[in-house]
Asks: 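Here it is, the structure in full.
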2 protein chains.
Amino acid sequence: MAAQPRAAANRRRHPPRTRLSADERERLIARGAVSFFCEVGFGGQTRELAKRLGITQPLLYRYFPNKEALIDRVYREVYLNRWDPRWEELLDNHARPARERIVAFYRDYAKAVLSYEWIRIFMFSGLRGMNLNSRYLTLVRDRIYTRVLRELRREHGMPSPAEVPLSEMEFELVWALHASIFYIGIRKWIYGLEIPENVDEVVQNLATSFLDGVPAVMQRALPPPARATKRRVPPSG
Amino acid sequence: MAAQPRAAANRRRHPPRTRLSADERERLIARGAVSFFCEVGFGGQTRELAKRLGITQPLLYRYFPNKEALIDRVYREVYLNRWDPRWEELLDNHARPARERIVAFYRDYAKAVLSYEWIRIFMFSGLRGMNLNSRYLTLVRDRIYTRVLRELRREHGMPSPAEVPLSEMEFELVWALHASIFYIGIRKWIYGLEIPENVDEVVQNLATSFLDGVPAVMQRALPPPARATKRRVPPSG
DNA sequence: GATGCGGGTTATCGACCGATAGATAGGCGC
DNA sequence: GCGCCTATCTATCGGTCGATAACCCGCATC
């Protein structure tokens, strides 16, 4: 702080500029942007973000052409690499009982999805009108819900999806389980409510309760002709 | 400016100003603010809001001291008068079977809550860090969840909440039903996904499936001494 | 030890946005 | 039909924010 011969050092308002490689700096900015925007929303100011990163605001524009590009990067950072391809294998593995597989999957899925960043970014991007959410959820529907329902059908001796296509109502039932898990995150990181410590146990109970309660509704929801497919029936009368 | 006989009329950029009573104008602004902010979020600009209302932006400031006051008004407009006191009566009415009451309640609750405005304002206010959400949800927990669980306990011959307090896990199970209903709205009005037309039927199935699946989990979750009340068993073997 | 590449900074622009001041005009009371 | 009250408008201010321009300087290179 004392008067130094090097006047330039005193004029400088910024702490000693740390000089990083371009790659490293870009990663730092990207990571910082994720935690910044998922906290304050995409309306957050670039100046504030720069401050948190310990750099000046124009430096952001050396690495990203504009704010929108930075936001895009945040999306990529959060949405990509969150999908575990082993989930599908897990659900397909007929060596384990269906019930056990489904519970195991949801416990693992919950662990991946129930995070501050994911929940909030997901919500912000939805409210912003991006279609990222719908794209992602279509993936979940095609890759997961179909499998869960297929296994449930088989488990309870109902016709396979090939025989009787999965109904909208059946998808709604799986949506409900998905919702009840995701909502735990919403309660904690959007509403700021307390949630139980043993989330894993809660998820397990939710999945169990789902598996107990859903089959009856599924059976009721099967279209009348389909319910009779156990005795082979020709497609058309 | 051009020297015309009726210069004033030509200089006017606005359509013929409609002059309303203060009360009426304020209501108009409040209603417009609700639909505006729930669409674009609270970051929406007062100029844009004024445009939609067909008035000039400074007029807003005649009725509301600042933007924040306008937003507060939006909250009041949306949060208040959405609670139907008959819900509690409905759940307490022992003349009807518990199952029927609970299903009826959720069908009605869903009808009240699954609206564009409610879902989005609720989300926006949560992300903004207001504690309105937690206050509201604490109300729901105290007034609704406790009743639902109480009736479920009674229905299945479990000890009353007075005998064995409601556990966190039991509340989680009711949360799950709440979540699965609320999430229908999130899917539609935040993610922009298609949802079934017959929401009422879906809600009915969700509630039914809940009532089918939950009791077993509840019974398992009861603390050991309580579970043992049927066959008296000493605590330690 | 001059040179220049490139990461980092300061200074600033222009648009936007909340808010205010003061002019304007619709319509009621007399 | 005159005057006043007040709802509404025009004009504008001051701060904010994304973005750009131009300069700074540590270090590798020769």
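As a basis for the values below, the full set of heavy atoms in this structure was taken, side chains included, without hydrogen atoms, waters or symmetry mates. Chain letters run A, B, ... following the sequence lines, proteins first, then strands; residues in each count from 1. Keep in mind the model is a prediction, meaning the values are calculated, not measured.
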Asks: Among the candidates C:dT20, D:dT10, C:dT12, find the nucleotide nearest to the side-chain atoms of B:T56.
Replies: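 Nearest to the side-chain atoms of B:T56, counting from C-beta on, is D:dT10.
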
Asks: So which nucleotide from C:dT10, C:dA21, C:dG18 ends up closest to the side chain of B:P58?
Replies: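 It is C:dA21.
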
Asks: Starting at atom CG of B:N66, determine the distance to atom C1' of D:dG14, rounded to an integer number of angstrom.
Replies: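 These atoms are roughly 16 Å apart.
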
Asks: Could you tell me how far apart A:L60 (CG) and D:dT20 (P) are, to the nearest whole angstrom?
Replies: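 Rounding to the nearest Å, CG of A:L60 and P of D:dT20 are 13 Å apart.
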
Asks: Give the rounded distance in Å between these two atoms: NZ of A:K67 and P of C:dA15.
Replies: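 The answer, rounded to whole Å, is 19 Å.
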
Asks: Write down the distance between OH (B:Y61) and P (C:dG18), rounded to a whole number of angstrom.
Replies: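 Between P of C:dG18 and OH of B:Y61: 6 Å.
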
Asks: Determine whether the aromatic ring centres of residues A:F122 and A:Y136 are separated by less than 6.0 angstrom.
Replies: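 So the answer is yes for these two rings.
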
Asks: I need the CD-C1' distance between A:Q57 and D:dA21, as an integer number of Å.
Replies: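 Those two atoms, CD and C1', are 13 Å apart.
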
Asks: Dump the pairs, protein N or O against N or O of nucleotides 3-7 of chain D, anything under 3.5 Å, distances to one decimal.
Replies:
| residue | atom | partner | partner atom | Å |
| --- | --- | --- | --- | --- |
| D:dT6 | O2 | B:R19 | NH2 | 3.0 |
| D:dA7 | OP2 | B:R62 | NE | 3.0 |
| D:dA7 | OP2 | B:R62 | NH2 | 2.8 |
| D:dA7 | O3' | B:L20 | O | 3.3 |

Asks: State yes or no: are the ring centers of B:H178 and B:Y106 separated by less than 6.0 Å?
Replies: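 Between B:Y106 and B:H178, which both carry aromatic rings, the centre distance is not below 6.0 Å.
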
Asks: Output yes when a side-chain donor or acceptor of B:R187 lies under 3.5 Å from a complementary backbone atom of B:G192, and no otherwise.
Replies: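 Between the backbone of B:G192 and the side chain of B:R187 there is no qualifying donor-acceptor contact (under 3.5 Å).
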
Asks: What side-chain donor-acceptor pairs closer than 3.5 Å can you find for residues 26-43 of chain B, not counting sequence neighbours?
Replies:
| residue | atom | partner | partner atom | Å |
| --- | --- | --- | --- | --- |
| B:E26 | OE2 | B:R73 | NH1 | 2.5 |
| B:S35 | OG | B:G32 | O | 3.3 |
| B:E39 | OE1 | B:R52 | NH1 | 3.0 |

Asks: Please give, in whole Å, the distance from D:dT20 C1' to A:F64 CZ?
Replies: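 Checked: the CZ to C1' distance equals 18 Å.
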
Asks: Give the C-alpha distance, both sets of side-chain angles, the deciding distance and a yes or no for side chain to side chain donor-acceptor pair (under 3.5 Å) between A:S125 and A:Y79.
Replies: CA-CA 11 Å; A:S125 74; A:Y79 274 77; 3.0 Å; yes

Asks: Validate the cation-pi geometry between A:R25 and A:Y63: distance from NZ or CZ to the six-membered ring centre under 6.0 Å, angle to the ring axis within 45°.
Replies: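 Because its charged atom misses either the 6.0 Å distance or the 45° angle limit, A:R25 does not stack over A:Y63.
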
Asks: To the nearest Å, give me how far apart CD (B:E68) and C1' (C:dA19) are.
Replies: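 To the nearest whole Å, that distance equals 14 Å.
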
Asks: Taking CD from A:E48 and C1' from D:dG18, how many angstroms apart are they, rounded to a whole number?
Replies: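 The answer, rounded to whole Å, is 15 Å.
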
